[in-house]
Enquirer: 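The structure that follows is given in the form of structure tokens.
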Amino acid sequence: MTVVADKPRSKRKVRPAGRIASMRGGLTAWLGRPLADFHLLLAIFGMLTVLGLVMVLSASAPGQVASGVSAYSVFQKQLIYVCIGAVLFWLVLRFPLRRLRHLSTAAMGIGVLLLALVLTPLGDVRGGARSWFTVGPISFQPIEAVKLALALWGAHVLVTKRALLSQYRHLLVPVVPVAMLIFALVMLQPDLGGTITLGVVLISLLWFVGAPMRLFGVIAGGAVAGAVVLAIGAAYRLQRVSTFLNPDADPEGAGLQARQAMFALAEGGWFGKGLAQGSSQWRYLPNVESDFIFAVIGEELGFIGCALVLALFGGVAWVGLRVAWRNTDPWIRIVSATLTVWLVAQAAINIGYVVRLLPVTGITLPMISSGGTSVVMTMIVFGILANCARHEPEAVAALRSLGPGRVGGLLKLPAPEAYRPPPKRKPVRPSTPPRAPGRRTAQLPVIDERRMAGRSAPPSEYRRRESRRTQGRTEQGRSTRGRGRYN
């Protein structure tokens, strides 16, 4: 008998998880935390703030030196506005969203009043548009505040009437008429860039509230017709359109900005020339620190810098829409989604006309371009988005049970309030039940009037009849018993 020795079994090789898989798992776990969106918004907000200050200094310093003034003059103004915006960001982050919703109506009324007053001699003309208020060294544009007020108030009205939005008159009134009034006041300044961003806010409100698609088709047709009328009605708008279609027709005049911006982007290459090493700041590119600052980023930081800006705004889009998706309060959902689309669309329009995909409209790049009112209002918008992120149901539960955390404790943030849906109204019970077609209604039971009305109520005819019948039966019974007993 032969004994065959068992062969040793080969051990299976356990493949360790790759770095990509482990990083993906760690990222997924981190994104599943209750305050992940809040921390991501703070990180993006901080990076955009720092990048904006650095690029404003780099873009404005050479031109200021060439003009014979301090190289830090524009940067100092921008730094002051950023500090003001940071304080307002912190205040909005602490402000209860429920109270902010209640104040949106008053803010909308004040905004419309300011837009009307800026057209009077109280307003200041800059760049061919009467759209500024100047009080000493401080100047601001009311249109920037009206955009935010329209988003907050429009969401409040639409959420309040959400049970009636299947009817067009409730869907459109009063949000669309008020928006049309604002458009008219802004175009009287005139400010084409402000009108475009206001249109983005209005379309976002209608989109996220669930308006029918045929309405957006009508809006798109009206927008195209309005753009054609506006372009034909003003010579400078028609010149912008013709320059966009053929920028080489007037290379030293109307097409100068578009051509110089493309040259700056081309000279940057992959990694750029370095900060303050570009040539476009030396007055080769007009409005370099405001409207065309993305061209400076491409020249000094190269393709990597441009990709970083696009990634940051892509992160804003992803996180903002994620905040809207994870919330349960319908007002917070619409507001966070609308504000996100507003910021990302404004950035896309600015980058689009720098790279010659769109006509020049004069819209700034949020958080990066030089501009006091723009940067302050953008920081307020980021504060509202971060506040919305803290009101996610999981975040509210974590903050109320585990405390504010490191960031919340450092910023002295109060615990957010949990969302409480409005109480449902009980339907009024009809006095008579509905009658089904083709069926006979069952006879209702006789109601005891004495019990329903009370013993002190006067007797009715029905009760008198019943009492007579009862008395008659009683007397008849007595007479019958009497005859039987004595007979």
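This chain uses plain numbering: 1 for the first residue, then up along the sequence. Everything quoted here is computed from the prediction, not taken from an experiment.
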Enquirer: Is it the case that the ring center of Tyr353 lies less than 6.0 angstrom away from the ring center of Phe292?
Expert: yes

Enquirer: Hey, could you give me the CG/CG distance between Leu413 and Leu399, rounded to the nearest 0.5 Å?
Expert: 8.5 Å

Enquirer: Does any part of the side chain of Phe216, heavy atoms only, come nearer than 4.5 Å to the side chain of Leu206, both counted from C-beta?
Expert: yes

Enquirer: Is the shortest side-chain heavy-atom distance between Gln64 and Phe75 below 4.5 Å?
Expert: no

Enquirer: Which atom names give the shortest non-hydrogen contact between Ser60 and Glu289, and what distance separates them?
Expert: CB-CB, 4.2 Å

Enquirer: Quick one: does Phe208's side chain get under 4.5 Å of Arg333's, heavy atoms only?
Expert: no

Enquirer: Distance under 6.0 Å and angle within 45° of the ring axis: does Arg99 meet both against Phe95?
Expert: yes

Enquirer: Which pair of non-hydrogen atoms, one from Val82 and one from Met379, has the smallest distance, and what is that distance?
Expert: O-CE, 3.6 Å

Enquirer: Is there a side-chain contact between Val157 and Pro174 in this structure, where contact means two heavy atoms from C-beta onward sitting under 4.5 Å apart?
Expert: yes

Enquirer: Begin with the C-alpha distance, continue with both residues' side-chain angles, and end with the deciding distance and a verdict on side-chain contact (heavy atoms from CB on, under 4.5 Å) for Val335 and Leu97.
Expert: CA-CA 11 Å; Val335 165; Leu97 289 180; over 6 Å; no

Enquirer: Would you name the heavy atoms of Phe140 and Thr373 that are closest together and state the gap between them?
Expert: CA-OG1, 3.0 Å

Enquirer: Where do Ala129 and Pro190 come nearest, in terms of heavy atoms and distance?
Expert: CB-O, 3.2 Å

Enquirer: Applying side-chain contact (heavy atoms from CB on, under 4.5 Å) between Leu40 and each of Val323, Val316, Val319, Leu35, report the one that passes.
Expert: Val319

